[in-house]
Novice: 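Mind having a look at this structure? Questions to follow.
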Amino acid sequence: MSVVVVNKIDELRNLIKDFRKQDKTIALVPTMGCLHNGHKSLMEKAHSIADVTIISVFVNPIQFCPGEDYDKYPRTLQNDIEVAESAGVSVIFAPSVSEMYPNLNKFSDITMVVPPYELTDIMCGKSRVGHFDGVETVVTKLFNIVQPDYACFGMKDIQQLFLIKKMVKDLNMPVEIVPCPLVREENGLALSSRNKYLSDDEKVKALTISKSLFAIKESFKLGIKDTKKLFDVGLTNLDKNVELEYLEFVDFDTFQKVDDIKSNTICAIAARVGDVRLIDNVILEV
Ligand code: PAF
């Protein structure tokens, strides 16, 4: 069956009404498009757990901070349709900005969903102030529009995944969040829509990001539990032209900072290669 592309909320709701009449379960994969194999693995997971897979393709303006890449973020809907179709997606919801935010010109008019400050004043939230408010707001809107049984999110955006799981729990949203493993290129580079911006030379430098994380994981396996020492291992492996934004160790269940690893811990990094900001992480399992 070929994928249906809809741009209007009412149109999508009518399709969903029909699916529900047929007792079909629905899995949603929210995306900003420029779909790669990482997204494909989310869509395939969705397809394997529900009768109908719906993806959203929407570059959400309110999660970009001033000076970020909102205008140049790659928009590749034609290719996205092909990728989605090959992964068994039934419907692509690709709304315009005005369909999602009729009052965007009056930004303060939008009701926002805001995660706890303590969980956003670290890692990506620290430099991208307000980013997760924008993410939670659009994800809440998508959940309200689609009312899916499941929603699949990738573990590359590990802080986003943690905050969305918490939001769903705190606000009693009737949807099961399905975390999906981070997908890498064969050489170790974490797949990201922003990899498109990298030149060949920058790609080589970017590779040292995953290399640092793998070196940390190896040292951890060899018995180093002190995160200060593990931090130094990471730094030693990072190309000197890669600008480190953060390299943090946080508890897998609480997202609190860890000094001495005693339970499953996320080691997460954000770094800039030229103008391109990349993130990656590994889980240090106890
Ligand atoms: O992870 C993303 O691509 C975005 O943050 C999301 C979840 C689609 C919300 O715009």
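When a ligand or atom number is given, it counts from 1 through the structure's own listing order. All values derive from a computational prediction rather than experimental measurement.
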Novice: Do me a favour and list the nearest non-hydrogen protein atom to atom 5 (O) of ligand 1 with residue, atom name and distance?
Specialist: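 Ranked first by proximity to atom 5 (O) of ligand 1 is Gln160 OE1, 2.7 Å.
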Novice: Can you name the atoms of ligand 1, numbered from 1 with element, that are less than 4.0 Å from a heavy atom of Thr31?
Specialist: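 Reading through ligand 1 atom by atom, the close ones are 8 (C).
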Novice: Distance only, no hydrogens: is a donor on one side chain within 3.5 Å (strictly under) of an acceptor on the other, for Thr25 and Asp51?
Specialist: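 Distance-only check passes for Thr25 and Asp51.
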Novice: Please identify which atoms of ligand 1 are closer than 4.0 Å to at least one heavy atom of Val138.
Specialist: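 Counting atoms of ligand 1 from 1, those under 4.0 Å from Val138 are 9 (C), 10 (O).
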Novice: For residues Arg184 and Val282, report the shortest heavy-atom separation together with the two atoms involved.
Specialist: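 Closest heavy-atom pair between Arg184 and Val282: NH2-CG1, 4.0 Å.
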Novice: Suppose I only count heavy atoms of Pro30 and a 4.0 Å limit; which atoms of ligand 1 are within that range?
Specialist: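 Counting from 1, the qualifying ligand atoms are 8 (C).
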Novice: Identify whether the distance between the nearest side-chain nitrogen and carboxylate oxygen of Glu68 and Arg128 falls below 4.0 Å.
Specialist: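 Salt bridge flag = yes for Arg128 with Glu68.
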Novice: Is there a polar contact, in the sense of an N or O pair closer than 3.5 Å, between Gln63 and ligand 1?
Specialist: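 There is such a contact, yes.
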Novice: Could you tell me the residue and atom name of the protein heavy atom closest to atom 3 (O) of ligand 1, and the distance to it rounded to 0.1 Å?
Specialist: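 Going atom by atom, the protein heavy atom closest to atom 3 (O) of ligand 1 ends up being Met32 CG, 3.6 Å.
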Novice: Among side-chain atoms of Asn14 and Glu11, is any donor-acceptor pair under 3.5 angstrom?
Specialist: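 Result is no, nothing qualifies.
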Novice: Give the minimum heavy-atom separation between Lys40 and Ala87, together with the two atoms involved.
Specialist: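 Minimum heavy-atom separation between Lys40 and Ala87: CG-CB, 4.0 Å.
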